[in-house]
Amino acid sequence: MSTKKIVIVDMVNGFVKEGALHDEKIMDITDNIKKLIAQKTDHDIIVLEDCHEENCAEFASFPPHCLKGSSEARTIDELRYVFDLPNFEACIQKNSTNGFFALEQAGLLDGDEYILVGCCTDICVAQLALTLKIYGNDANKPKKVVAVKDAIATYDAPFHPAKEYEEAAIKLMSVAGIEIAYLEKLLEE
């Protein structure tokens with residue numbers, strides 16, 4: 001297994017195609033995710049899927065979504081091919097916005113580099129990026145954490161203007177030492 005990881009965060013139907021928190025514009029990042037995967041074959045691929053029980057504590061903050069066993073909790077068909085790639089490492093269902101704890105429980109914090117793609121920029125992606133960075137710093141084993149700006153997205157809603165929340169999350173991650181990169185730059189490395 002590689003110490004370099006690509007983590008596909010919550011590219012599930014419940015955020016892309018259906019359900020209370022979906023936004024079909026998130027589909028627009030799919031091609032960039034595919035390009036990254038095709039180029040970075042030396043990186044293991046981890047897929048995180050939002051997946052909740054009916055009584056999930058998270059539903060105090062967000063409407064019910066991605067219920068266990070529903071189509072909402074399933075990775076979109078356009079990315080399911082990664083499960084058959086030789087560098088596919090794991091698909092992990094998570095019960096909170098922060099996938100760090102699911103990675104920890106699965107023993108997948110052995111990476112030196114994590115490239116994050118998927119959604120939602122300001123919630124699941126940002127929380128994972130920040131926690132990975134802090135975890136490495138706390139152990140004096142810094143991790144390179146990269147958020148691919150044109151391969152992450154968030155949902156738009158009257159109470160959640162996507163552009164505003166995305167810009168704030170990018171700034172927060174950048175200040176915390178997370179590298180914000182465009183796909184084209186990453187593909188040149």
Sequence neighbours excluded, the answer for salt bridge (Lys or Arg N to Asp or Glu O under 4.0 Å) partners of Asp42 is Lys4
**Message:** Between Val148 and Ile29, is there a side-chain heavy-atom distance shorter than 4.5 Å?
**Reply:** no
Salt bridge (Lys or Arg N to Asp or Glu O under 4.0 Å) filter on Asp150, not counting sequence neighbours, yields none
- Query: Are Glu166 and Thr154 linked by a side-chain donor-acceptor pair shorter than 3.5 Å?
  - Reply: no
* **Sub-4.5 Å side-chain heavy-atom contact between Ile33 and Ile6** => no
With sequence neighbours left out, the residues meeting ring-ring contact (aromatic ring centres under 6.0 Å, His included) with Tyr114 are none
Note to self: Surrounding CD of Glu54 (heavy atoms of other residues, nucleotides or ligands, distance under 6.0 Å), is the total greater than 12?
What the structure shows: no
Members sharing Phe59's hydrophobic cluster, built from side-chain contacts under 4.5 Å between Ile, Leu, Val, Met, Phe, Trp and Tyr, are Leu67
Checklist entry - Would you say Tyr155 and Cys119 make side-chain contact, with heavy atoms under 4.5 Å? => result no
**OP:** Let me see the working for Lys163 and Asp156 under salt bridge (Lys or Arg N to Asp or Glu O under 4.0 Å), right down to the final yes or no.
**Re:** CA-CA 8 Å; Lys163 184 177 180 186; Asp156 199 30; over 6 Å; no
Sequence neighbours excluded, the answer for salt bridge (Lys or Arg N to Asp or Glu O under 4.0 Å) partners of Glu53 is Lys68
Contacts of Phe100 meeting side chain to side chain contact (heavy atoms under 4.5 Å, CB included) (sequence neighbours excluded), chain-then-number -> Asn98, Glu104, Leu109, Leu128, Thr131, Leu132, Tyr135
Note: Glu72 and Cys66 closest approach over all heavy atoms is OE1-N, 2.8 Å
I'd like to know if the side chain of Thr97 and the backbone of Cys124 have a donor-acceptor N/O pair within less than 3.5 Å. no
### Message
Between Lys94 and Asp50, does the salt bridge (Lys or Arg N to Asp or Glu O under 4.0 Å) criterion hold? Intermediate values first, please.
### Response
CA-CA 5 Å; Lys94 64 185 187 66; Asp50 212 42; 3.1 Å; yes
Between Asn87 (side chain) and Ile45 (backbone), is there a donor-acceptor pair under 3.5 Å? no
Honestly curious: do Phe101 and Ile123 fall in one hydrophobic cluster under the side-chain, below-4.5 Å linking rule? no
Those residues at least two apart in sequence (or on a different chain) that pass side chain to side chain contact (heavy atoms under 4.5 Å, CB included) with Ala168 are none
Glu179 meets the salt bridge (Lys or Arg N to Asp or Glu O under 4.0 Å) criterion, sequence neighbours left out, with Lys144, Lys185
Residues at least two apart in sequence or cross-chain that pass side chain to side chain donor-acceptor pair (under 3.5 Å) with Glu113, listed by chain then number, are His43
Apart from Tyr182 itself, its cluster of hydrophobic side chains linked below 4.5 Å comprises none
Residue set satisfying side chain to side chain contact (heavy atoms under 4.5 Å, CB included) with Ile180, at least two apart, ordered chain then number -> Ala147, Lys149, Ile170, Met173, Ser174, Ile178
By side chain to side chain contact (heavy atoms under 4.5 Å, CB included), Glu78 pairs with (sequence neighbours left out) Lys17, Met27, Thr30, Lys34, Ile76
